[in-house]
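Structure record follows, encoded as structure tokens.
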Amino acid sequence: MIVILLFSVPPCLRGDFIWAQSSMPFGAPKVPLSSTQGATTLGRAWVAVRQPADSDPAVRELVDKLNPAQREAATYLDGPLMIIAGAGTGKTRVITHRIAFLSREVGIPLNQILAVTFTNKAAKEMRERVCHLLGVPDSPGLAIGTFHSRCALILRREADAAGLDQNFAILDENDQRQAIKRVLKEMNISEKRARPQQVQTFINQAKMRLLTPQDCRAEFDEEDVPYADIYEQYQKVLTQAKSIDFEDLMMRTVVLFRDNEQARQRWANRYHYVMVDEYQDTNHAQFLLSKLLAQDHRQICIVGDEDQSIYSWRGAEISNLLDFEKAFPGTHIVKLEHNYRSTANILKAASTVIAHNTQRIGKELFTTDAEGELLSFIASRDQDEEARRIAQECTRLTMAEGVNPDQIAIFYRGHWLSRAVEDQMRQFRLPYRMVGGLRFYDRAEIKDLLSFLRLAVNPDDNLAFERVLNTPTRGIGPKAQSQIEIEAARLGVSWMRATHRLLQQEELKGTARRGAEAFINAIDAWCSLAEHADPVDVLDRILLDTNYRNDGIADPKSIEGESKLENIEEFRGLMATFRPTGEGPPLAEFLTAMALDATEEKDDGRPRINLLTIHNAKGLEYDYVFTIGLEKGVFPTSRAEDSMEAYAVEEERRLFYVAITRARKKLYLSYAYQRNRPDFWQSTQPSRFLLELPPSVFDSESLRYMKRLVPYGWGNNPERGGANANVDRELVYTPAEDATEAPGRAYSQYIRNMAAPRPAPPSGAKPKFTVGTRVLHRHLGSGVISEIGGRPGWERAVIDFDDGRSQEFVLKYAPITAE
DNA sequence: CAATTGGGTTTTTTT
DNA sequence: AACCCAATTG
């Protein structure tokens, strides 16, 4: 490798060399210090590294497998770079190669490269792939993570400068809502008047835009709900509890860098190369953060796809991507358009749909692959029939074609759509997993344990304290609690200290006194233990002191109690595998990781069909993809269609685009004529997105069905004037002769003829629950319905379980299936 | 005064 | 099913 130092780059050399602007010495051994000394002393210099393609073999090997656009994206170092990466164009490949290239060929130490992703999962995958490229087992120095986790790290190191306690707790969304409820109570505002959800959205949106309560007061007119006041009070509650929420992580870091130049420079110098993935989903605060870090060295590389921006409701601003050049003049743009994932047919469908959008940079994906299979359209009478057909097809795919269930996915717009599918998956005995349903630590018992652990690190964590003050019940009822609350407010101290004081002054009596004493002493003991001890040891001590295994759980012998015990053990196992980096108390680190990592329920890794929302599907890919619920009002959701914002539907369309582009081999689109929403039955019309697809991508059987729904074809009715004219038309659904078998006739025939003995799929149209029906409850086992009551739409059933217990359920919410 | 029981409400998408 | 609030029981 040849390294040249220059103080300005002659344009004539630009094509032949890669240029890195540097104000720091390279720390890596590949570049001798003597050759870079000039760069530091003289402030800024250009370092040229000869183009990799014709240099040493290691580089060639590294970037050889990249296509020209990818290679350019991975190796361009001459200032700000914007990579527009279409779906399936090898984006992750480019980022990982870029990091490996920076490290191995330019000699940048890994800890100077910052790579930000949106999910922990993506970060983990990226870390693994980079390590693989570099040929090392693991590299702790690699600064890869989510915005939130990087901010947490920065704020812990800069706690003083940021005005935070070193051991601050991080509130997840649930804790945040709890805190808001507490504030509303304190301020005597009913939850009817100010819905906690809405307050939460308000506060989070304000924080994304770096607005303080005062700013809000100035910016917004007085509304009937005093949002700004609630926000202000909420911040006080958080400060008192030495806690910060998710959005604070971002806002405080940005404010720190904005107001404290020294701190900013410390980190800007540390992260000499900044990379941001999924840039189209960044919000204002995240944009500012990237800018504050990169504004000096301008070594920022962002990767995004405007067509996959689907998080505007969470504050993402697509304009961050569209206007990136304004923030970083002289930005070089590389477009990745060669798709390696999907068949030509799928790509054609995707491109045609997304072309309806106006907010685009514009790109045309192409593939060198074959046409592939045509798309299938599935029309059903209602959601149960829809689910059954899909289950049938899944059976066919896995049984007849030997498809690995892991390679099949079923997508939907919202979680509520999954219920019918889930039921049928069980009926057909198909293995499935729901991605992103219940988070593991959303369970009550895990939240309790986390609260104990939080207190062990930060005894002033009022929110945790309040949660477990009387869990398991230790005689501290509402009266005693309000006593503590008042004392805490009077003295301006935490609940923990207030309790201490009340005890000293003997103002707590009877059972409350004994209970509080035991609790306080236990917390003190946990605190001293937590300073050094292994997290698991702290947990064991907690379980012992609180007798949680017995008292914290309603009935350890019941089925629920049993699964709770299992969860506790699993949590303990999870803790045992945690490896702290050694900064501060290990338990504190564990809790931070816990708060930021939305770890899902454990997965045994057995092959399963995946059920997930489209939002959850971003970044993933499957051979076979079913997208259900393609109905007006469902997808696009009525909220978007009714919205005044023209771009609301564009975002829905991007969501559809994401769904389509996840599929590698075959895509199925499904529509149900009637859909049972949680509260009402609804006749539907097809989604406008179906009409935006070109007929040529569908198979002939599908086309026949579609033509029943869309009498005039695809927007070509001259009377109604062009594209999408028939969206608003009353459509006539003609059920097939035998609605339960067509177009699934072949599949059900197949199932009947199958040699393998397996339970027959259900015969009736809708699963009906009546007195005497044998049912299977997901958690509680099987039993018989003994009674049905309740008003229409809210039927309740009493189930007598086989083990003698019986319980009442609201039918439409209970996770039960006919046995 | 604490603890349990009963009734009413509830769902878009999530780091 | 999960949650919150009011009413009842110990």
Side-chain angles (χ1 to χ4, degrees), chain A residues 116-123 145-152 170 172-174 177-178 181 185 190-192 195-197 200-201 204 208 245-247 249-250 278 281-283 285-286 310-316 411-419 435-439 442-444 470 472-483 508-512 515 554 560 595-600 612-618 629 633-640 648 651-652 654-655 658-659 677-679 777-780 790-791 794 796 807-816:
Chain A
V116 185
T117 61
F118 260 77
T119 63
N120 287 292
K121 210 164 127 198
T146 62
F147 269 113
H148 297 274
S149 68
R150 284 335 282 187
C151 286
I170 298 170
D172 71 13
E173 200 181 69
N174 242 308
R177 199 162 52 246
Q178 235 39 53
K181 284 180 180 174
K185 215 161 128 193
S190 81
E191 291 190 12
K192 271 235 160 75
R195 298 271 288 278
Q197 287 274 12
Q200 192 172 23
T201 313
N204 287 341
M208 281 173 218
D245 62 33
F246 267 22
E247 242 45 64
L249 286 171
M250 295 300 312
E278 304 282 16
D281 287 328
T282 52
N283 63 33
Q286 290 160 341
I310 54 176
Y311 283 109
S312 73
W313 48 273
R314 212 173 62 190
F411 294 166
Y412 32 82
R413 178 63 240 266
H415 274 298
W416 60 279
L417 291 154
S418 70
R419 172 61 60 92
V435 181
L438 220 78
R439 282 183 313 171
D442 273 348
R443 293 154 193 276
N470 201 27
T473 52
R474 47 174 78 83
I476 306 173
K479 187 62 202 292
Q481 282 190 37
S482 79
Q483 232 177 311
L508 282 171
K509 303 266 151 56
T511 52
E560 287 150 290
L596 296 174
D597 182 7
T599 305
E600 273 159 31
L612 61 171
T613 63
I614 303 169
H615 283 91
N616 264 322
K618 196 164 80 154
V634 175
F635 190 20
T637 164
S638 46
R639 287 181 190 231
E651 176 146 323
E652 295 287 306
R654 291 193 288 265
L655 197 54
V658 169
R677 299 193 84 131
D679 41 352
H777 190 281
R778 199 187 323 170
H779 309 298
L780 303 176
R791 62 173 191 282
W794 295 88
R796 289 157 179 277
Q807 204 181 317
E808 192 182 55
F809 298 91
V810 177
L811 266 180
K812 72 179 175 188
Y813 290 127
I816 51 175

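Computed from a predicted model, the values in this text were never measured in an experiment. Scope of the values below: all heavy atoms of this structure, side chains included, with no hydrogens, waters or symmetry mates. Here is how names work: the chains are called A, B, and so on, in the same order as the sequence lines, proteins then strands, and each is numbered from 1.
- Out of dT15(B), dT13(B), dA2(B), the shortest distance to the side chain of Lys479(A) is found at dA2(B).
- A donor N or O paired with an acceptor N or O is found under 3.5 Å between the base of dT15(B) and the side-chain atoms of His148(A).
- At whole-Å resolution of the value, CZ in Arg177(A) and C1' in dT11(B) are 12 Å apart.
- Proximity note for His415(A) (side chain, C-beta onward) versus dA3(B), dC1(B), dT13(B): the nearest is dT13(B).
- In this structure, Phe246(A) forms no aromatic stack with the base of dT15(B), since the conditions of centre separation below 5.5 Å and plane angle below 30° are not both met.
- Note: NZ (Lys618(A)) to P (dT15(B)) measures 11 Å, nearest angstrom.
- Across the protein-nucleic acid pair, Glu173(A) atom CD and dT11(B) atom C1' stand 14 Å apart, rounded to whole Å.
- As judged by a 4.0 angstrom heavy-atom cut-off over every strand, Gln178(A) is placed among residues touching the sugar-phosphate backbone only.
- Using the six-membered ring where Trp is involved, Tyr311(A) and His615(A) have ring planes that are tilted, between 30° and 60° apart.
- Not one side-chain nitrogen or oxygen of Asn616(A) sits closer than 4.0 Å to the OP1 or OP2 atom of dT13(B).
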Mind running side-chain contact (heavy atoms from CB on, under 4.5 Å) on Leu612(A) and Phe411(A) for me, showing each step along the way? CA-CA 5 Å; Leu612(A) 61 171; Phe411(A) 294 166; 3.6 Å; yes
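- Counting any heavy atom pair closer than 4.0 Å across all strands shown, Lys181(A) reaches sugar-phosphate atoms only and no base atom.
- Both Leu655(A) and Ile476(A) lie close to DNA chain B; mapped to their nearest nucleotides by heavy-atom distance, the more 5′-ward contact belongs to Ile476(A).
- If you check every strand for non-hydrogen atoms under 4.0 Å, Asp281(A) touches nothing.
- Each of dT14(B), dA2(B), dT4(B) was ranked by its minimum atom distance to the side chain of Tyr311(A); first place goes to dT14(B).
- In this structure, CZ of Phe635(A) is placed 10 Å from C1' of dT13(B), rounded to the nearest angstrom.
- Residue Ser149(A) has no polar side-chain atom (N or O) positioned under 4.0 Å from OP1 or OP2 of dT15(B).
- Using a 4.0 Å heavy-atom distance criterion, Ala444(A) is classed as making no nucleic acid contact.
- Rounding to whole angstrom units, NE2 of residue His615(A) and C1' of dT14(B) are separated by 8 Å.
- Listed here is the closest heavy atom pair of Pro636(A) and Glu652(A): CA-OE1, 3.3 Å.
- For dA3(B), the OP1/OP2 oxygens have a side-chain nitrogen or oxygen of Asn470(A) closer than 4.0 Å.
- Nucleotides dT11(B) and dC5(C) are separated by 14 Å at their P atoms, to the nearest Å.
- By the ring-ring contact (aromatic ring centres under 6.0 Å, His included) test, Tyr412(A) is found to be paired with no residue, residues two or more places apart in sequence or in another chain being considered.
- Backbone-only contact: Arg195(A) has heavy atoms under 4.0 Å from sugar-phosphate atoms and none from a base.
- Rounded to an integer number of Å, the gap from CG of Leu508(A) to P of dC1(B) is 12 Å.
- Out of dT14(B), dT11(B), dA2(B), the shortest distance to the side chain of Pro478(A) is found at dA2(B).
- We find that CG of Asn120(A) is positioned 9 Å from P of dT15(B), with the value rounded to whole Å.
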As a quick check of understanding, evaluate side-chain contact (heavy atoms from CB on, under 4.5 Å) for Glu173(A) and Phe246(A), giving each step before the final call. CA-CA 7 Å; Glu173(A) 200 181 69; Phe246(A) 267 22; 6.0 Å; no
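- Per the geometry, CD belonging to Gln197(A) stands 18 Å off P belonging to dT9(B), to the nearest Å.
- When the nucleotides dT12(B), dA2(B), dT15(B) are ranked by their closest atom to the side chain of Thr146(A), dT15(B) comes out on top.
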Ile310(A) vs Ile614(A), test: side-chain contact (heavy atoms from CB on, under 4.5 Å). Steps then yes/no. CA-CA 10 Å; Ile310(A) 54 176; Ile614(A) 303 169; 5.7 Å; no
